[in-house]
Student: 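Okay, handing you the structure first.
Just so it is clear, the model here is predicted, and its values are computed rather than measured. Every chain is numbered from 1, with letters handed out A, B, ... down the list of sequences.
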Amino acid sequence: MLFFSFFKTLVNHEVTVELKNDISIRGTLKSVDQYLNIKLDDITVVEELKYPHLSSVKNVFIRGSVVRYVHLPAAAVDTPLLEDATRRGITDSIEIEVRLSQFADASG
Amino acid sequence: MEHLSINDAGLPGAPPPGQGPPQQMMQPGPPPPSPVPQLPPQMFTTAAQLLDLTDKKLMVALRDGRKLIGVLRSWDQFGNLVLQDTIERLFVQSLYADIERGLFLVRGENVSLLGEIDLDKDDYIPPPFEQAPVEKVFALKKAEDAERKKTDKRRHTKLAEHGFEGEHSGEAIL
């Protein structure tokens, strides 16, 4: 659940999602669930002319299983905290979740 | 499916009023962490994400590269979808064509993404693309797919010789 908690802290940040079929979609992260399905708002597609079916689409729901990468805004990620959380496992997951969201609030 | 609203706190262990006596025995242990303002957990479920897409006109891209356009009528937590009045839109070179398909139940695993169609630019297709007769586009598409299958197979064999197992193991993902 660590990455679910982590992605929750990135809500309302701009991310780029690269899919396994090589489409890259940039947009505002609106929501994420336990399967890491992702909802993006105000999307722009890299190489739009290659993917004409997306030109009249403004927000997308991407199934977690087709995601290859999520490019994150570096400023919104507290790497030491994530490392710490990984090493401690799930025992303190509630505390980690709270600290992650505190960090998200602090970084705006 | 749980019918929680965004305003429900959704805290585990807090029974809703009228469902048995509240628990008097508190578990000894560390005090709960200080509350931090955050969205309730039910905001982050598949249900919450698909709920606002219900009854909307959507473009559904399937894992095999097909593009379906229809109205989302039902769904579940796996992303299984029911689409009504669906058309399939074929794109090939700079042509496109629509085929009437009707009612779909799509198994979730085959869904790549679903996009809500912006009604301001409903069915906008960028300039180089022009509508063409279905038969023509279908034939071109078939030829293109066959060609792609051949190159994919060749690439897969080459990679396999060097010990690489493709991400899709030969399955064409478009």
Student: Please answer: with hydrophobic residues joined when any side-chain heavy atoms are less than 4.5 Å apart, are B/Leu68 and B/Phe138 in the same cluster?
Tutor: no

Student: Any side-chain to backbone donor/acceptor pair from A/Arg63 onto B/Leu114? Under 3.5 Å, distance only.
Tutor: no

Student: Find the distance between CG (B/Leu62) and CG (A/Asn21) and round it off to the nearest 0.5 Å.
Tutor: 11.0 Å

Student: Is A/Val77 reachable from A/Phe3 through a run of I, L, V, M, F, W or Y residues, each pair having side-chain heavy atoms under 4.5 Å apart?
Tutor: yes

Student: Taking every heavy-atom pair that is under 4.5 Å apart, which of A/Val67, A/Val32, A/Leu19 has the most such pairs with chain B?
Tutor: A/Val32

Student: Report which part of A/Phe7 has an atom under 4.5 Å of a heavy atom belonging to chain B: side chain, backbone, both, or neither.
Tutor: neither

Student: How long is the gap from CG on B/Leu58 to CG on A/Asn59, to the nearest 0.5 Å?
Tutor: 9.0 Å

Student: Would a hydrophobic clustering, with Ile, Leu, Val, Met, Phe, Trp and Tyr connected at side-chain separations under 4.5 Å, put B/Ile87 with A/Leu54?
Tutor: yes

Student: For the residue pair B/Gly115 and A/Val60, what are the closest heavy atoms and their distance?
Tutor: CA-CG1, 3.8 Å

Student: Which residue is it: A/Val57, A/Ile25, A/Val66? I am looking for the one with a side chain to side chain contact (heavy atoms under 4.5 Å, CB included) to B/Leu113.
Tutor: A/Ile25

Student: In this structure, are over 12 heavy atoms from other groups packed under 6.0 Å from B/Glu100 atom CD?
Tutor: no

Student: As an exercise, state the distance from CD of A/Gln34 to CD of B/Gln77, rounded to the nearest 0.5 Å.
Tutor: 8.5 Å

Student: For the hydrophobic clusters of this structure (ILVMFWY residues joined by side-chain heavy atoms under 4.5 Å, transitively), does one cluster hold both B/Leu53 and B/Trp75?
Tutor: yes

Student: What distance separates A/Tyr35 OH from B/Phe78 CZ, expressed to the nearest 0.5 Å?
Tutor: 5.5 Å

Student: Could you state the interatomic distance from OG (A/Ser56) to CE (B/Met59), rounded to the nearest 0.5 Å?
Tutor: 7.5 Å

Student: Of all the heavy-atom pairs spanning B/Gln49 and A/Ile38, show the shortest one and how long it is.
Tutor: OE1-C, 3.9 Å

Student: What about A/Leu40 and A/Leu36, same hydrophobic cluster or not, with Ile/Leu/Val/Met/Phe/Trp/Tyr joined at side-chain heavy-atom distances under 4.5 Å?
Tutor: yes

Student: What's the separation between atom NE2 in A/His53 and atom NZ in B/Lys67, rounded to the nearest 0.5 Å?
Tutor: 4.5 Å

Student: Should the pair B/Asp52-A/Lys30 be classified as a salt bridge under the 4.0 Å nitrogen-to-oxygen rule?
Tutor: no

Student: Which atoms of A/Ile62 come close to chain B, meaning under 4.5 Å heavy atom to heavy atom: side chain ones, backbone ones, both, or neither?
Tutor: both

